[in-house]
There are 2 protein chains.
Amino acid sequence: MPRTEAQNIKLRELRREEILQAALNVFSRRGMVATKISDIAKEANLSHGLVYHYFQSKEEIFTLLVKRAAESSGQIIEKAHLQEGTALEKLKWMTEQILYSLSEGQQILLFLIMIQASTSDAVPEEVKRFLSSEEFKSPVHGLIPLISEGQQCNEIVQEDPLKLAISYYSFIQGFAINKLQWTQCPVPEAEIIMKIFK
Amino acid sequence: MPRTEAQNIKLRELRREEILQAALNVFSRRGMVATKISDIAKEANLSHGLVYHYFQSKEEIFTLLVKRAAESSGQIIEKAHLQEGTALEKLKWMTEQILYSLSEGQQILLFLIMIQASTSDAVPEEVKRFLSSEEFKSPVHGLIPLISEGQQCNEIVQEDPLKLAISYYSFIQGFAINKLQWTQCPVPEAEIIMKIFK
DNA sequence: GTCTATAGGCTGATAGAC
DNA sequence: GTCTATCAGCCTATAGAC
């Protein structure tokens, strides 16, 4: 009995995910340009020709991962807004979530893809367009409303919210990089970084 | 009258510097692999063939720049140690120096080369060897003595010095990246980041 | 010292067998 | 769906003219 159409679509989707996951692993450590299609194929245990059966090009794969990373970083800020408690409590919750997600699993790899995408000139045009489009909201700007809210009820120091947001996000990005360089580096407590708001 | 030998050496050294500077400009934005020798040549206004008259390979140029960046980041920590004042004052002085140097000139480019070198697998073997050699002392470890000193006279909070050093250095690295992404981003005051030590 | 021309190798992408 | 073989283009590095 042949597989139904729905099953075929599902299988195809599964295989695409396998390839995307493999690509994420190699892209995040080697960057887009230095990664060969054959590296991705090897990581996913299939032939390089097959990668092109599922994706049109290396650039398409990279672009998909960048969009996924952007979505993921947008979601955590959204979730923080929806959290119970004061603005400062929401920020602390978010910080704990991020530090935890950076210390386990592959969330950190999405983070690094995002850093690559936004710091390198050698990325597909579509990535550049996406990052400067309305569709993409930078994490720094997503943080500002939360910080301003905290300042209004005097939970957070009266500094330029933009500078605070940049400081906060710098720490997060920098920690992701540190973690990649040195996998077993200890994870600082959320309280340490929260001090910049006090 | 022909140039003396000394003048020739000097001229050669100057031209090498021009090429190194051009390479730093393009490497820092595109990464080593995505940078073509012809990109460097174009940036330095000379032919790609001539680059090979002064350097053996693209990898040699990149490796030289990594070593230069490592030296530069080591120097700032050394200078901080030699500064007058308490440990906390030394740290603040260093933070101001770094934030200033990241907001002007090309110091930031060396910083970014260092980040690339230590986060990417796609770097020359010699860079990997250098970064894991005794010769190279990571900034995080350079900071620990200063932090411990501050803790002994109770200027600095009694937290794991390693976690404090990681937090501090994460912020610095992250800010360098932010600055690259968004050149006109405002520079936070040193006081903001110094709060993590309080 | 500086350039242009080119060799040689690698890789992204495709074609076609199974 | 999956693989292997291959094409075409690009890039590093060299050779050789000026």
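Below, chains carry the letters A, B, ... as their sequence lines are ordered, and counting in each starts from 1.
Looking at heavy-atom distances under 4.0 Å, B/L46 makes contact with sugar-phosphate atoms alone, never a base. Using a 4.0 Å heavy-atom cutoff across all strands shown, A/L50 reaches at least one base atom of the nucleic acid. A/F55 comes within 4.0 angstrom of no nucleic acid atom, judged by non-hydrogen atoms across all strands.
A straight line from CZ of B/R12 to C1' of C/dT2 spans 13 Å, rounded to a whole angstrom. Here the P atom of nucleotide D/dT12 and the OH atom of B/Y54 are 20 Å apart, to the nearest Å. A/E60 has its CD atom 15 Å from the P atom of C/dG12, to the nearest Å. The CD1 atom of B/I37 sits 17 Å away from the C1' atom of C/dT4 (whole-angstrom rounding). A straight line from CD1 of B/I40 to C1' of D/dA13 spans 13 Å, rounded to a whole angstrom. Rounded to whole Å, atom C1' of C/dC10 lies 12 Å from atom CG of A/D39. For the pair A/L14 CG and D/dG1 C1', the computed distance is 14 Å after rounding to whole Å. The nearest whole Å value for the distance from the CZ atom in A/R16 to the P atom in D/dT2 is 14 Å.
The A/S57 side chain lies nearest to C/dA13 when the options are C/dA13, D/dT4, D/dG1. Side-chain atoms of B/K36 lie closest to D/dC11 of the nucleotides C/dT2, C/dG12, D/dC11. Here the side chain of A/Y52 is nearest to one of D/dT12, C/dC3, C/dG12, namely C/dG12. For A/R15, the side-chain atoms get nearest to D/dT2 when compared with the rest of C/dG1, D/dT2, C/dA13. The listed nucleotides are C/dA13, D/dC11, D/dT2; the one nearest the side chain of A/H53 is D/dT2.
B/F175 places none of its side-chain heavy atoms less than 4.5 Å from the side chain of B/I98.
B/E78 has no carboxylate O lying under 4.0 Å from a charged side-chain N of B/K137, or vice versa, which leaves the two without a salt bridge.
Side-chain polar atoms of B/E155 and B/T86 form a donor-acceptor pair below 3.5 angstrom. With hydrogens and angles left out, the side-chain atoms of B/Q173 and A/Q181 include a donor and acceptor closer than 3.5 Å.
In terms of position on DNA chain C, the residue among B/N8 and A/Q56 whose nearest nucleotide sits closer to the 5' end is B/N8.
For a distance-only test at 3.5 Å, the side chain of B/H48 qualifies as a donor-acceptor partner of the base of C/dA5.
Between B/W182 and A/H141, the ring-plane angle classifies as tilted under the 30° and 60° cut-offs.
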